[in-house]
Protein chains: 2
Amino acid sequence: MKPAQITQWYGCPTRYAAGIFGDKWCFLILRDVLLLGRRTYSDFLNAPEGISTNILANRLAKLEEAKMLDRQTDPRKASRVCYFPTRKARDVLPALLSMMVWSTLYDEGTEAPASFAEAYRSDPNKTLAWYEAEIDRVDAEILGSAR
Amino acid sequence: MKPAQITQWYGCPTRYAAGIFGDKWCFLILRDVLLLGRRTYSDFLNAPEGISTNILANRLAKLEEAKMLDRQTDPRKASRVCYFPTRKARDVLPALLSMMVWSTLYDEGTEAPASFAEAYRSDPNKTLAWYEAEIDRVDAEILGSAR
DNA sequence: ATATCCACTTGCAAAATGAAAGAGGATTTG
DNA sequence: CAAATCCTCTTTCATTTTGCAAGTGGATAT
């Protein structure tokens, strides 16, 4: 019934994680930023899930306050805003990819190729590095146009 | 701006995961079952987070329908009910442990020892096997008392 | 036989969400 | 230069979800 001494501290780390992941929209915004290269308000707003604009504003503020997103005006166009993933958000990638692997196993309607789960299992660091590079590339493409 | 060909299918696996993890209470019930050895309605109800009873009933039904929990009457006492984690739920462990590692990195008030993150990083399979064994132990302790 | 335990259900007030319209500044267009 | 448009939000209001408290009904303990 009681799993040994672990009981004392197990609760907390998941509770902290639940504070951010335990919300559908935060979860999907993180996906947008980490995996889909979305950065601007309208990018998020036009995602196929159809978040409504007041909720989006609310969640972006929450994620910014949690230091997951870094809000900056877009150097390409000052009326636009970009939300960049912080290191704290990037470090969510392993968990996010693990969840994706799980989904590909149990969602019979998954769009992900079987090779994805296999690749992540065989060499997670390689997969991880690839995604980090993609994030760098997207950010650099935006910020690089500043000068 | 557009991360190559990945865009087509990336959305889906995370959306599927968001359907279950993107809810604070489902998330915490899974933690209870997978990490804290909780199995009965009152176990969940008495967790320190304080879920209210109607929400708990609703989420247990949802998780049962999603085939994450297996509802059975308790062999120790027929008026009691046990919710056992299915294989599908157990397979969430890698993602859950990854999230815990992330939490220990960024939650300055974490109760988890630093050794946890280190242990999981150095040998995830060992950590994973340990948790699976704990789950087996809890389940066997309940079901074993049947005969 | 009565009280208690246990897994829920119900009713209701408060909070969160979703849809739609609008505000206000920057940018493009004519 | 003026008008229209783009873009990030804000506001309003109806609907849905949540949380709290009390209640139900069957099994179990006394």
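Below, chains carry the letters A, B, ... as their sequence lines are ordered, and counting in each starts from 1. What you are looking at is a predicted structure, and each value in this text was computed from that prediction instead of being measured.
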Quick one: pull up NZ in A:K77 and SG in A:C82 and give me the separation to the nearest 0.5 Å.
11.5 Å
Which word best sums up how the rings of B:W102 and A:Y16 line up, parallel for under 30°, tilted for 30 to 60°, or perpendicular for over 60°?
tilted
Send over the distance from [X] [atom1] to [N] [atom2], rounded to a whole Å.
X	N	atom1	atom2	result
A:W25	C:dT17	CH2	P	10 Å
A:N54	D:dT16	CG	P	16 Å
A:F44	D:dC9	CZ	C1'	14 Å
A:I55	D:dT16	CD1	C1'	12 Å
B:L56	D:dG19	CG	P	12 Å
A:I51	D:dT10	CD1	P	14 Å
B:R80	C:dC6	CZ	P	6 Å
A:R39	D:dC7	CZ	P	18 Å

Within the 4.0 Å heavy-atom criterion, would you say B:T53 contacts the bases, only the backbone, or no part of the nucleic acid?
base
When we call it a touch if two heavy atoms are under 4.0 Å apart, what does A:Y83 touch: a base, just sugar-phosphate, or nothing?
sugar-phosphate
Side chain of [X] (C-beta onward), nearest among [options]:
X	options	value
A:V81	D:dT28, C:dC8, D:dC9	D:dC9
A:S42	C:dT17, C:dG18, D:dC7	D:dC7
B:Y41	D:dC7, C:dT9, C:dT17	C:dT9
B:R59	D:dT18, C:dG25, D:dA27	D:dT18
A:K77	D:dC6, C:dA7, D:dT8	D:dC6

Test your reading of the model: is there a side-chain donor-acceptor pair from B:R80 to the backbone of B:T73, 3.5 Å cut-off?
no
A:E134/A:R137 salt bridge by N-O under 4.0 Å criterion:
yes
Pairing of B:D32 and B:R38 as salt bridge, 4.0 angstrom limit:
yes
Could you check A:A78 against A:D23 and say which one's nearest nucleotide on DNA chain C is further toward the 5' end?
A:D23
